[in-house]
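Right, one structure below, let's go through it.
None of the values given here were measured: they were computed from a predicted structure.
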Amino acid sequence: MNDETIRDEIEALERLMADYERWGDGQDWDKFATLFHEDAVVIFDAGPRGSADAPVGAEIHGRADFVAGMSASLTGVQTAHQFYLPEITIADETHAHASWAMHDYVKTPAGTFNGWGHIHHDYVKVDGHWQILRGRTTRLIVDETWNA
């Protein structure tokens with residue numbers, strides 16, 4: 001691939017992540033689902049929880065289960081995600097990898113969650129469009145505040 005093609009692919013992945021933020025935080029689950037491959041695997045080492053005794057991490061297999069879980073767990077919840085400083089590698093015409101610095105703020109009826117860390121994605125191009133095949137969110141700092 002030439003330099004111009006690589007720049008175009010990097011820009012396409014940056015747009016995908018802008019959509020991820022906008023559609024995820026806006027809870028537009030139909031559009032959000034299009035960002036993921038049907039066989040996607042998504043892993044969180046720590047994430048927002050409904051209570052202090054709920055599991056810290058999760059591993060979800062399949063686009064349908066991931067989007068259904070997100071939809072169910074975020075009903076009535078406010079979120080704001082920021083992704084920045086990407087390190088993007090285009091492996092070939094249909095495979096890429098990126099690591100993004102991230103911050104997410106999640107306000108639930110039970111409390112608030114602030115997480116700082118990284119999101120790592122493996123992407124695959126299907127029918128001319130990049131999709132997330134594997135995602136892993138790692139946290140450097142987690143700040144949870146529980147309502148009384």
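- Below 30°, between 30° and 60°, or above 60°: for F32 and F66 the angle between ring planes is between 30° and 60°, a tilted geometry.
- A side chain to side chain contact (heavy atoms under 4.5 Å, CB included) with I88 holds for exactly one of H97, E14, M17; it is E14.
- T5 and D8 form no side-chain donor-acceptor contact under 3.5 Å, judged by distance and modelled atom types alone.
- Of the possible polar contacts, none joining the T89 side chain to the A91 backbone as a donor-acceptor pair under 3.5 Å is found.
- H121 NE2 to L35 CG: the interatomic distance, rounded to the nearest 0.5 Å, is 9.5 Å.
- Put simply, CG on L16 and NE2 on H129 are 11.0 Å apart, with the number rounded to the nearest 0.5 Å.
- For R63 (side chain) and F36 (main-chain N/O), a donor-acceptor pair under 3.5 Å exists by modelled atom type.
- A donor atom on one side chain and an acceptor atom on the other are not found under 3.5 Å apart for S99 and H118.
- The distance from the CG atom of L140 to the OG1 atom of T138 is 6.0 Å, given to the nearest 0.5 Å.
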- Given E11 and R15, is the salt bridge (Lys or Arg N to Asp or Glu O under 4.0 Å) satisfied, shown in steps? CA-CA 6 Å; E11 185 177 321; R15 282 192 310 270; 2.9 Å; yes
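- Nearest heavy-atom pair, A96 versus I90, reported as atom, atom and distance to 0.1 Å: CB-CD1, 3.9 Å.
- Judged by distance alone, with hydrogens and angles left aside, the side-chain atoms of T112 form no donor-acceptor pair with the main-chain N or O of T108 at under 3.5 Å.
- Cluster membership check: W23 shares its hydrophobic cluster with I119, using side-chain heavy-atom separations under 4.5 Å among Ile, Leu, Val, Met, Phe, Trp and Tyr.
- No donor-acceptor pair closer than 3.5 Å links the side chain of R134 to the backbone N or O of D122.
- Taking the side chain as every heavy atom from C-beta outward, W116 and V142 never approach each other to under 4.5 Å.
- What you find for G76 and P109 is that their closest heavy atoms are O-CD, 4.2 Å.
- In this structure, D143 contributes its side chain and G115 its backbone to no donor-acceptor pair below 3.5 Å.
- Atom NZ of K107 is surrounded by 12 or fewer heavy atoms from other residues, nucleotides or ligands within 6.0 Å.
- Criterion: ILVMFWY side-chain heavy atoms under 4.5 Å apart, direct or through other members. Under it, V56 and W146 are not part of a common hydrophobic cluster.
- Atom CD of residue Q27 and atom CG of residue L74 lie 5.5 Å apart, to the nearest 0.5 angstrom.
- Of all heavy-atom pairs spanning F113 and R139, the tightest one is CZ-NE, 3.5 Å.
- A donor atom on one side chain and an acceptor atom on the other are found under 3.5 Å apart for H103 and N114.
- Linking ILVMFWY side-chain heavy atoms closer than 4.5 Å, directly or via other members, places W130 and F83 in a single hydrophobic cluster.
- Side-chain atoms of W100 and E87 form no donor-acceptor pair, as typed in the model, at a separation below 3.5 Å.
- Atom CZ in F44 sits 9.0 Å away from atom CG in D104 (nearest 0.5 Å).
- For the 3.5 Å distance criterion, the side chains of D25 and T79 qualify, holding a donor opposite an acceptor.
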- Under the salt bridge (Lys or Arg N to Asp or Glu O under 4.0 Å) criterion, do R49 and E144 qualify, and how do the steps go? CA-CA 9 Å; R49 306 179 288 161; E144 293 177 296; 2.7 Å; yes
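- Under the 4.5 Å side-chain contact rule for hydrophobic residues, V41 and I132 do not share a cluster.
- Under the 4.5 Å side-chain heavy-atom criterion for ILVMFWY residues, a single connected hydrophobic cluster contains both V77 and M102.
- Taken from CG in D28 to CZ in R22, the straight-line distance is 9.5 Å, to the nearest 0.5 Å.
- Remark: side-chain polar atoms of Q78 are not paired, donor with acceptor, to backbone N or O of V106 under 3.5 angstrom.
- Under the side chain to side chain donor-acceptor pair (under 3.5 Å) test applied with K125, the options H95, Q131, E9, E93 reduce to a single match, E9.
- Using a 3.5 Å distance cut-off with no hydrogens or angles, the side chains of H61 and E59 do pair a donor with an acceptor.
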